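Reviewing the structure listed below.
All values reported here derive from a predicted model rather than from experimental measurement.
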Amino acid sequence: MNDSTYKRIQENPRFQELVSKRERFAWILSAIMLGLYLAFILLIAFEPQLLGTRINPDSPVTWGIPIGVGLILSAFVLTGVYVRRANGEFDRLNQEILKEVQ
């Protein structure tokens, strides 16, 4: 592609809509992940005894382990949510924009 094609893409209102949607969605998912990590850190800081409490009196596993694993898994889930939307809606919009400017 040449410079004029890039310029037409950047000036296209649908491209600006795509960038805005993608950016907003990424920030929302980032805020969710940040909130989860912040909640976990605050839990460690202010309620460490909760994380150290055994799930079952006979079990060596404490609540901190499944909560920590859940936090890690939430990152994978949010990544999957982003990829699904990126491969669906965002790629479709991208293809439509490319067809318009060519």
Side-chain angles (χ1 to χ4, degrees):
M1 284 194 262
N2 56 31
D3 289 342
S4 66
T5 305
Y6 288 125
K7 186 170 175 59
R8 284 197 315 262
I9 289 172
Q10 287 180 334
E11 291 172 352
N12 187 313
R14 294 186 73 191
F15 176 73
Q16 293 168 359
E17 174 191 352
L18 169 64
V19 170
S20 174
K21 278 184 177 182
R22 192 174 52 201
E23 203 170 86
R24 185 174 44 250
F25 189 59
W27 277 110
I28 289 170
L29 294 180
S30 297
I32 291 170
M33 196 69 237
L34 181 64
L36 291 173
Y37 274 115
L38 181 62
F40 185 67
I41 296 301
L42 291 174
L43 192 60
I44 291 169
F46 297 109
E47 291 293 329
Q49 67 277 7
L50 175 68
L51 296 174
T53 304
R54 294 175 186 226
I55 292 177
N56 182 331
D58 300 330
S59 171
V61 179
T62 64
W63 281 107
I65 293 172
I67 292 173
V69 169
L71 184 63
I72 293 167
L73 290 177
S74 68
F76 286 103
V77 169
L78 290 176
T79 300
V81 168
Y82 180 83
V83 167
R84 183 177 172 112
R85 187 163 180 198
N87 288 341
E89 179 185 354
F90 297 153
D91 279 355
R92 181 184 48 78
L93 286 171
N94 192 33
Q95 291 302 319
E96 290 172 4
I97 292 165
L98 287 174
K99 285 179 186 175
E100 283 181 20
V101 298
Q102 288 180 349

Straight-line distance of Thr5 OG1 to Gln10 CD, nearest 0.5 Å: 11.5 Å
Heavy-atom pair of closest approach, residues Arg22 and Phe90: CA-CZ, 3.6 Å
Show your working on side chain to side chain contact (heavy atoms under 4.5 Å, CB included) between Ile97 and Arg8 and close with a plain yes or no. CA-CA 10 Å; Ile97 292 165; Arg8 284 197 315 262; over 6 Å; no
Any chance you could measure Ser20, atom OG, to Phe15, atom CZ, to the nearest 0.5 Å? 11.5 Å
Common cluster, Leu50/Ile41, ILVMFWY with side-chain heavy-atom separation under 4.5 Å: yes
Given the rule that I, L, V, M, F, W and Y join up when any side-chain heavy atoms are under 4.5 Å apart, are Leu71 and Leu38 in one cluster? no
Enter the distance from Leu29:CG to Arg24:CZ here, rounded to the nearest 0.5 Å. 12.0 Å
CD1-CG distance between Ile67 and Leu51, expressed to the nearest 0.5 angstrom: 5.0 Å
Flag side-chain contact, heavy atom, 4.5 Å: Ile9 against Arg14: no
How far does CG of Leu98 sit from CG of Asn12, to the nearest 0.5 angstrom? 9.5 Å
Would you check if Phe76 and Ile72 make a side-chain contact, meaning some heavy-atom pair closer than 4.5 Å? yes
When rounded to the nearest 0.5 Å, the distance separating CD1 of Ile28 from CE of Met33 is 16.0 Å
Taking all non-hydrogen atoms of both residues into account, name the closest pair between Thr62 and Gly52 and its distance. CG2-O, 3.4 Å
Backbone of Ala75 reached by a side-chain donor or acceptor of Thr79 within 3.5 Å: yes
What closest approach, in Å, do Tyr82 and Ala26 show between heavy atoms, and which atom pair accounts for it? CE1-CB, 4.5 Å
Are Val61 and Ile44 connected into the same hydrophobic cluster when the rule is that any two of I, L, V, M, F, W, Y join if their side-chain heavy atoms are below 4.5 Å apart? yes
Here the pair of heavy atoms bringing Trp63 nearest to Arg54 is NE1-O, 3.9 Å
